[in-house]
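These notes are about the structure you will find just below.
In what follows, residues are counted from 1 in the order of the sequence shown.
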Amino acid sequence: MKPSTKNESLFLVHYRDPKDGGIVSLKAKKIYDSPLGISFVCITQFVFETNSLVVKPTEEQLQKRLENVKSLHLSIYSIISIEEIGAAHKGLKFE
């Protein structure tokens, strides 16, 4: 894996969780066609904010849930959107 740079992109994936139907947001470094078939997307190299002073319970739960997961294969029908963002993206800021 190459060293992280400031211009490196991340993907912000919003999908409907098959377990409870809730909407989950996940950051990852790589997304590609899944070897499982044409209607699946493979998501790997998950990214979690660990240097934040604010504790985000939903992100902590997702991190624990995915800590031993090598790759996540999602049906294209459960994916709501995929955004390509810069690595330093913090979300919208209002002034």
Quick one, [X] and [Y] - any side-chain contact, counting heavy atoms below 4.5 Å?
X: T58; Y: V24; result: no
X: L72; Y: Y15; result: yes
X: Q45; Y: S71; result: no

Measuring from [X]:[atom1] to [Y]:[atom2], what's the distance to the nearest 0.5 Å?
X: E67; Y: L62; atom1: CD; atom2: CG; value: 11.5 Å
X: I76; Y: S34; atom1: CD1; atom2: OG; value: 11.5 Å
X: H14; Y: E83; atom1: NE2; atom2: CD; value: 4.0 Å
X: K30; Y: I43; atom1: NZ; atom2: CD1; value: 14.0 Å

For S78, is there any backbone N or O sitting under 3.5 Å from a side-chain donor or acceptor partner on R16?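 Between the backbone of S78 and the side chain of R16 there is no qualifying donor-acceptor contact (under 3.5 Å).
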Joint cluster assignment, L26 & I31, ILVMFWY side-chain distance < 4.5 Å: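 Yes; tracing contacts between hydrophobic side chains, which count when under 4.5 Å, links both residues.
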Is L66 reachable from L10 through a run of I, L, V, M, F, W or Y residues, each pair having side-chain heavy atoms under 4.5 Å apart?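 Per the 4.5 Å side-chain linkage, L10 and L66 are not co-clustered.
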Test of understanding: with salt bridge (Lys or Arg N to Asp or Glu O under 4.0 Å), list the residues that count as partners of R65, not counting sequence neighbours.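 D17.
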Measure across S39 and Y77 and return the closest heavy-atom pair with its distance rounded to 0.1 Å.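 Answer, listing the atom of S39 first, then Y77: CB-CE1, 4.2 Å.
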